[in-house]
Each structure stands twice: as structure tokens, then as C-alpha cells.
Amino acid sequence: MNEDNNGNINNNDNEGNGKPNTDFRIFIRILIISLGLTFIFNILNMTMSMRSLSELDFSEFVNWVEEGKIEKVEFQNDKLEVYPIAEKLEEDDKKLAEGSDRFYVGRISYDELVSILRKNNVEFYAPIQYNSPIISFFTSWILPILIMYLGLTLVMRFMMKRMGTGGMGKSAAKIYTEKETGVTFADVAGQDEAKESLEEIIDFLHNPEKYHKIGAKQPKGALLVGPPGTGKTLLARAVAGEANVTFMSLSGSDFEEIFVGVGASRVRDLFKSAQDNAPCIVFIDELDAVGHKRDNRMGTNDQTLNQLLAEMDGFDSSKGVVILGATNRPEVLDHALLRPGRFDRRIIVENPDLKGRIDVLKVHIKNVVKDDDIDLEKIALATSGASGADLANIVNEAALRAVKMGRDKVIQEDLMESVEVVIAGKEKKDRILSDKEKKIVAFHEVGHALAAALQKNAQPVQKITIIPRTMGSLGYTMQMPEEERYLMSREEILAKIVVYLAGRSAEEIEFGSITTGASNDIEMATNLARNMISLYGMSEKFDMMALENVENKYLGGNKIAIVGEQTIAALDNEVLSVIKDCHEKAKQMLSENKQALEEISMYLYERENISGEEFMEIFRRYRKDENDEEGSRSADENNISR
């Protein structure tokens, strides 16, 4: 036990003696288990050996000798082992044998026994005993105990190895230094605000004096929150590269084991290692695995979390230890873990915006041989909502496609095609549609495109294709926004729903029947209509009343109703009303432009792929002809009136 400069008592003696005490307890437990197993083994061995013999009265034994039923007799220390002649045994004798082939008789002092055996020609002998009691005790008890102890020890070590630890309670943290990570903030793009918050922590580690002068304290921890693929782990590794201090990285699942108390022991070992390696940064990925909210049921996770809370309260941040955590489920974390004093900062790592996506693309494409006229802004516009991992995948897919096409550099076409690969999958060339199905898909996709072109609040069309893709679509219409948008009006949402429903509407208008091809469109339109009413308050009936909450918003978002069943039923009716209105609007728009629908659909049917420019060229030509007809009709009407 010692006392630091601030008067705080540190009980290091207990920590230092913890491991030997633990090892001694494990040794005693294994020894007791081995002793018990050896005792059980000896009892079973004795029982099995006695089961092979049946007891015979001495008088009955003498009678059997005189009747010639005994073949030989073995004289032992405490008994006689008798071998009968099976053919001479009667039925009653066999019942006495109880299925065994030998008998044992208690040895008594009877001088005439030898003469009786000789008289009846019975073989008898006494084996010579070579082993001493000490050797017998060693082979029966000591040797089995040693074998079982070694066996149990090897089994436990094998289990520890399979669980990824070097010891029962030792931390599995990986330790990096600045050179080993190979990542700095220059490799992280699209997260300027997050980098700014982390740069302050790094500067505090490098220059603590300027902060101490005005009484500022170092933040104990920072929590990185955001959807998967946004670069939380990359940011943490970049912190290691910038800080030039020890960096310890591990996952929240590394604390969880089947043995009670192991997780808490690993937490203690982790913070002890952090204090020994200070200044350092400790990064815990997937923090929700260990920091889940506690409930009334006590479990091993609660013990681990309690230990984590105690350690985060107890360590001295002035020594330069910073805890970084990452999660995409902040709503499930225990409130005690999130309070200031543990994780002082919550850093949101969202999907990058337009500028951020351009910067991310620049980072990933800098080592790729590319054409000079690559337009990254166009790629960024086409990938709204994409994460940093998605953008990295798009660049890599473009490089792979360039090699496949026999080129020595990446061109714009490769990048645009890779966007489609990530969104819809590769072209499924072995799926050949019949002429009828191909025509249905063509009208379906052109229905989407026409609905987008006929509405001022819809996004412009980038490409239309009827080539099946590996993710299940038989065709798709790709739209590209003209600019980055952060808000959507009610009119824009309704226009989007109309576009979703226009594919099925085109089938109804042209063929008078419907197919299963609109299943995904229906799902997307229904979700959007429901969100418009339940989350965004865009309904006259419910006004601005919240009807649902979103859980796990970074993992897809599950909606949970916060109102009664009757209100939910009314919500369903309201959603149905919106869907019906948009469906009717889509049918009306396409019916009024049926000639354009047919012409563009047949053009797509023949070409299989058309660009947004080709689509708009045909559409504008049709609209120009229609306007000329309307102008001529109006002129004729004016002449008649004159």
C-alpha cells in the first residue's frame, strides 16, 4: 500500500498478489477434482472386478471339490479364487454362479484342505506377490492423480487458447504504436467535426501544460457514434498515428466469456496496463457488447459493466489515459456509462455529405491509376447516403472493372458502373427473360422514369436498364439529384411515392394486368408514406402528433408504436389513403402520356439500356410535338370563333 502526491491511497499490494492467489486457488481446485476422480475410478475398478466373481460358502466349496466340479484353486492373501468345471455344474450351481465363470471363497485355517485337493486331483497354487504396499499405493492413487491433474490442466489451457486469451483474466487488448498503425488524419476524410474534437484530445496529450494553466481538465473519454462503415475504427487508428502514444485496441466482446468474473478481471487488467503504459489511448470497439443497459436480472455482463464503471471513475486522467469507445447502438448503452466523467464527449460520425463524399473519393482514388477527366462530384451525387466503406468499395470495384476490360487506368464509365454494382449488384447475364417479360419490365421501368420527368419535385433520371442484376432486380431506373438535399417537403415525398407506384401503374395501363415485379416499389412507397404521417407530422388528421419512435436508427431503424391500437388502425387507413391517391395520380399521368410511354418503352425494349440524356431527348421531342398539336388546335379554334 502506498500514497501518491495527492494523498490518494493505492492498494497496489492486493493487485500485485492477485495473480498468485488466483493461481493457487486454481491449483487447489484442480487437485481436489483429480483426487475425487481417482477415488471414483478406484471404487468403480473394485466394483467391476468383484462383479466378475461370485461368492461361494466354504462348506459348499469342499463339497464341489469332493464331487469333482473344481478344476483349479488360486490361494490369495485374503481369499481363494476357484475355477469350476462348467460342464459338471448343475442348474442350481449355475444359478449360484449368477453368470460369472469364477468364485471366491473366504480363506480360513483348514489343514486338511491341501490333502483334499490332492486327493481329488485339483490343481492349486499361490502367485508370488512382488509389489510392495508403497508401490501399490503409488500406482493406485498417486499416478492416477498426476495423470488427471495434467489432463485437466491441458484441457483448461486449450480452452483458454480457443477463447483468445493468454490467461483466465488477462486483457486481450492489442497494443499499437504510432508507426504500426500507419494511419493519420490525412487518411480520414468527410469527418471534419469528429477530427476536430479528437485533435483537441491529442493536443492535450502533447501539451497538457497550456490547458492546466487555466484549469482545464483532460476529457476522460470520448464515444464515437454512427452507422456502420462511417470510419469510427479508422478514426481511432488515426488518433494513434497522430498522438504518438501507446494505443490499446480491443472489442467489447473480448470482455465476455463463459466463466463468471473473467470479464471483470479483464477490465481490471486492461486499466492496470493502461496506467502502466501512460500516456496512452484505449479504444473499445462495439462498446454496446459490454455496456448494455442493466436490468433486474443479474448476469456476468452486469459484473463486467460494474467493473468498467468503477475503473473509469477510479483512474487518474491527468496521467494521460484517454478512453475511446465506438458503437452504432447508443440507445442500448447504460446511462451510467454515458454520463460526464466517464465519456465526456459524444462524437457523431455520420455518413458524409456531398463535400465529404468527394473528399473520401479523393482519399481512396489517390493511389489508383485514373483518367484525367474523372468527375468525382458526379459520383458523389449518385451515391447520396453512402458511407465511407461504400465509397471505398466503389473505387475498388471500378479498378477491378478497368482491369477486366483490358484498360490500364480507370475511367468515368468504370466508376459509374461500380456505383450500380454496389447498389443493384452485377449484371446477371445467365438470366434470360422471355419477350413478354422483357416488354413488361421495359414498360414498368419507363413508367418510373416518366413519372419522375412529369413532376417538378422529382429527381431527374440518370439511367434506365432492363438487364437483371444479381441482387434480384429485373431492371431499375436510376435517379440522380441535382444537388445535395437535407430536407424534403411534403410535395417531394408525395412525388417520390408516385414514382415508386408508376411502375405498376404502367403495367396496368398497357397490359391490363399486374405482376410481382413491383414488390420492392410497394414496400418503399408504404414505408415512405407511413414515415410521412407517423414521424414527420405531415397529415391533416394527426397534425404534428408523433405516432412512432425509431430504435436502432444507425442499424436500419425499427419503428415502435407509442400510441394505442385504435390510433394505429387509423394510421394504417391514412397510409392506405395516401397510397391510393398517389396510385391514381400515377395512372392518370401515364394515361395522359401513353404515346410517350409506348414509344420510350419499345426503344428500351430494343436497346436494354438507355441513358438519362437519351430518355429526355425522346421525351422532349414527344412533348414538343404534343405542344405543337395543342398550339395548332388553339389556332383553329380562334379562326373558327372569328
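Every pair passing side chain to side chain donor-acceptor pair (under 3.5 Å) that includes a residue from residues 385-397 is listed here, sequence neighbours excluded: S387-D390.
Atom-to-atom distance recorded for D344:CG and S197:OG is 12.5 Å, nearest 0.5 angstrom. Distance check, rounded to the nearest 0.5 Å: NZ of K119 to CD of E66 gives 7.5 Å. Remark: N121 CG to I70 CD1 distance equals 13.5 Å, nearest 0.5 Å. A distance of 6.5 Å separates CG of L270 from CD1 of I323, quoted to the nearest 0.5 Å. Taking CD1 from I201 and CD from E196, the interatomic distance works out to 12.0 Å, rounded to the nearest 0.5 Å. Rounding to the nearest 0.5 angstrom, the gap separating the CD1 atom in I281 from the CD atom in E242 is 10.5 Å.
F61 meets the ring pair (Phe, Tyr, Trp, His ring centres under 6.0 Å) test with F58; sequence neighbours excluded. Scanning for side chain to side chain donor-acceptor pair (under 3.5 Å) contacts around K559 gives N531, with sequence neighbours left out. Remark: V368 pairs with I365, V395, A399, V410 by the side-chain contact (heavy atoms from CB on, under 4.5 Å) rule, at least two apart or across chains. Listed by chain and residue number, D313 satisfy the salt bridge (charged side-chain N to carboxylate O under 4.0 Å, His left out) test with R342 (two or more places apart in sequence, or in another chain). R329 pairs by the side chain to side chain donor-acceptor pair (under 3.5 Å) definition with D288, not counting sequence neighbours. Evaluation of the side-chain contact (heavy atoms from CB on, under 4.5 Å) rule for E123 yields K72, Y125 as partners, not counting sequence neighbours. Residues passing the salt bridge (charged side-chain N to carboxylate O under 4.0 Å, His left out) test with E200, sequence neighbours excluded: R345. Not counting sequence neighbours, the partners of D334 by the side chain to side chain donor-acceptor pair (under 3.5 Å) test are R294. Every residue meeting the ring pair (Phe, Tyr, Trp, His ring centres under 6.0 Å) condition with Y211, not counting sequence neighbours, appears here in chain and number order: F204. L338 meets the side-chain contact (heavy atoms from CB on, under 4.5 Å) test with L223, L333, R346; sequence neighbours excluded. N207 is linked by a side chain to side chain donor-acceptor pair (under 3.5 Å) to D203, counting only residues two or more places apart in sequence or in another chain.
In this structure, K69 and P84 have side chains that are not in contact, with every pair of non-hydrogen atoms separated by 4.5 Å or more. At a threshold of 4.5 Å between non-hydrogen side-chain atoms, the residues L198 and E193 do not count as touching. By the 4.5 Å heavy-atom criterion applied to side chains, L80 and L113 are counted as neighbours. Here the side chains of Q307 and T304 are not in contact, with every heavy-atom distance at 4.5 Å or above. Contact check for I116 versus N120: side-chain heavy atoms found under the 4.5 Å cut-off. A heavy-atom distance below 4.5 Å is found between the side chains of I202 and F185. Using a 4.5 Å heavy-atom threshold, the side chains of L337 and M312 count as touching. Considering only heavy atoms from C-beta on, N351 comes within 4.5 Å of P227 through its side chain.
In plain terms, the two heavy atoms of P228 and N328 that are nearest each other are CG-ND2, 3.7 Å. Smallest separation of non-hydrogen atoms from F283 and G325: CE1-C, 4.4 Å. Taking each heavy atom of F124 and V114 in turn, the nearest pair found is CZ-CG1, 3.7 Å. Closest non-hydrogen pair, V282 versus A274, comes out as CG2-CB, 3.8 Å. For A186 against V363, the heavy-atom pair with the smallest separation is O-CG2, 4.3 Å. Nearest heavy-atom pair, M248 versus C280, reported as atom, atom and distance to 0.1 Å: SD-SG, 4.4 Å.
With hydrogens and angles ignored, the 3.5 Å screen pairs no side-chain donor or acceptor of K220 with any backbone N or O of F343. A donor-acceptor pair under 3.5 Å links the side-chain atoms of Q191 to the main chain of E350, judged by distance alone. Here the side chain of S273 pairs a donor or acceptor atom with the backbone of D269 at under 3.5 angstrom.
Using modelled atom types, one finds a donor on one side chain and an acceptor on the other under 3.5 Å when comparing T233 with D285.
No option in L391, V188, I394 other than L391 meets the side chain to side chain contact (heavy atoms under 4.5 Å, CB included) test with V360.
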- Task: For V73 and E81, run side chain to side chain contact (heavy atoms under 4.5 Å, CB included): C-alpha distance rounded to whole Å, both residues' side-chain angles, the deciding distance at 0.1 Å, then the answer.
- Result: CA-CA 6 Å; V73 177; E81 193 165 328; over 6 Å; no
